[in-house]
Amino acid sequence: MSQTAERQGRRERKKAATSLALTAAARRLVLARGYEAVTVVDIAEEADTAVTTLFKHFPDGKNAVIFGDNVDSADERMQSIITAVESRADGQSVLDALHQFFRDRGAFSGTQSAFVRRVVEAPPLRAYAKERWERCEPGLTTLLAGIVGRPEDAVIRALARIVLQIPDLAATDMDASRADLDAIMARLEAGWSEFAQRA
């Protein structure tokens, strides 16, 4: 390995470690103090770094730090959706693959961690999470249209939009969120049969 490659590798590892430290610090503080009582200055101090460094890693600020959405992870959410759909088991429908994808995440995972509860309970964090899902709409629309071989029309966009609203809609009641998710997905499978077919 050349010295340049070694330096770049070390730089990338340090960058990743700083991002992880900032997110860990943000979550610790939010859990200890509550969302409103934590500032980006508090987070930077807790992670023993400068506020300018925080914004270099997380240009979208406090909510991005809390979620770990740094400049290098912009497409990770969409990529995880694509992976869930494209790697679905033989005979598994697209909607069933998306159903399983959501069941394994956040409020639906059954873990109901203190952090997930904070997200659900803090309106700014819920709004941020919702907006992050909504950013995936064009990509999910393209994916769904390609699977059934039809244009990216209003019907496909509507399905993509509804699917991406599910985390926010069903997470309003932590005790019923999995049941809500199951009910919503069952209705979608009944209404969008071409995506419920076992391929």
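Everything quoted here is computed from the prediction, not taken from an experiment. Numbering starts at 1 and runs along the sequence shown.
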Of all heavy-atom pairs between [X] and [Y], which one has the smallest distance, and what is that distance?
X    : Y    : value
S80  : R105 : OG-NH1, 3.9 Å
I156 : T141 : CG2-O, 3.4 Å
E36  : P124 : OE2-CG, 3.9 Å
L22  : A47  : CD2-CB, 3.7 Å
Y35  : A122 : CB-CB, 4.0 Å
A97  : A84  : CB-O, 3.7 Å

Can you check whether [X] reaches [Y] side chain to side chain, under 4.5 Å on heavy atoms?
X    : Y    : result
L164 : R161 : no
V51  : E45  : no
M185 : L95  : yes
T83  : F101 : no
E131 : N63  : no

Subject >> D42 vs R33, side-chain contact (heavy atoms from CB on, under 4.5 Å): CA-CA, chis, key distance, verdict >> reply: CA-CA 11 Å; D42 296 330; R33 301 181 192 172; 3.3 Å; yes

Using 0.5 Å steps for rounding, measure from the [atom1] atom of [X] to the [atom2] atom of [Y].
X    : Y    : atom1 : atom2 : answer
E76  : I81  : CD    : CD1   : 12.5 Å
K14  : T18  : NZ    : OG1   : 6.5 Å
L98  : E189 : CG    : CD    : 9.5 Å
D180 : I166 : CG    : CD1   : 10.5 Å

Do [X] side-chain atoms and [Y] backbone N/O form a donor-acceptor pair below 3.5 Å?
X    : Y    : answer
R157 : E152 : yes
R150 : A145 : no
R77  : C136 : no
T23  : I66  : no

Original post:
Can R132 and D69 be counted as an ion pair, charged N to O under 4.0 angstrom?
Top reply: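 Salt bridge flag = yes for D69 with R132.
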
**OP:** Determine, for E46 against R28, whether the closest basic-nitrogen to carboxylate-oxygen distance falls under 4.0 angstrom.
**Re:** yes

Original post:
Applying the 4.5 Å side-chain criterion to the ILVMFWY set and letting contacts propagate, would V65 and L20 be lumped into a single cluster?
Top reply: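 Not linked; separate clusters.
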
Subject >> Side-chain H-bond candidate by donor/acceptor type, Q100 with Q92, under 3.5 Å >> reply: no

Original post:
After noting the C-alpha distance and the side-chain angles of T39 and I43, does the key distance pass the side-chain contact (heavy atoms from CB on, under 4.5 Å) rule?
Top reply: CA-CA 6 Å; T39 67; I43 296 167; over 6 Å; no

Original post:
Step by step, would you call H99 with S93 a side-chain contact (heavy atoms from CB on, under 4.5 Å)?
Top reply: CA-CA 10 Å; H99 185 179; S93 74; over 6 Å; no

**OP:** Look at the rings of F67 and Y128 and say which category their plane angle falls in: under 30° parallel, 30 to 60° tilted, over 60° perpendicular.
**Re:** tilted

Original post:
Aromatic ring centroids of F102 and W133 under 6.0 Å?
Top reply: yes

Original post:
Take atom CG in D153; do more than 12 heavy atoms of anything else shown fall under 6.0 Å from it?
Top reply: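 Result for CG/D153: enclosed.
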
Original post:
Tell me, which pairs form a salt bridge (charged side-chain N to carboxylate O under 4.0 Å, His left out) where one or both residues lie in residues 55-66, sequence neighbours left out?
Top reply: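 Every salt bridge (charged side-chain N to carboxylate O under 4.0 Å, His left out) pair that includes a residue of residues 55-66, provided the two are not neighbours, is D60-R135.
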
Original post:
Hey, mind stepping through D168 and R126 against salt bridge (Lys or Arg N to Asp or Glu O under 4.0 Å) and telling me if it holds?
Top reply: CA-CA 7 Å; D168 186 63; R126 272 195 61 198; 2.9 Å; yes

Subject >> side-chain contact (heavy atoms from CB on, under 4.5 Å) between L143 and E86, worked out >> reply: CA-CA 9 Å; L143 180 65; E86 290 183 344; 4.0 Å; yes

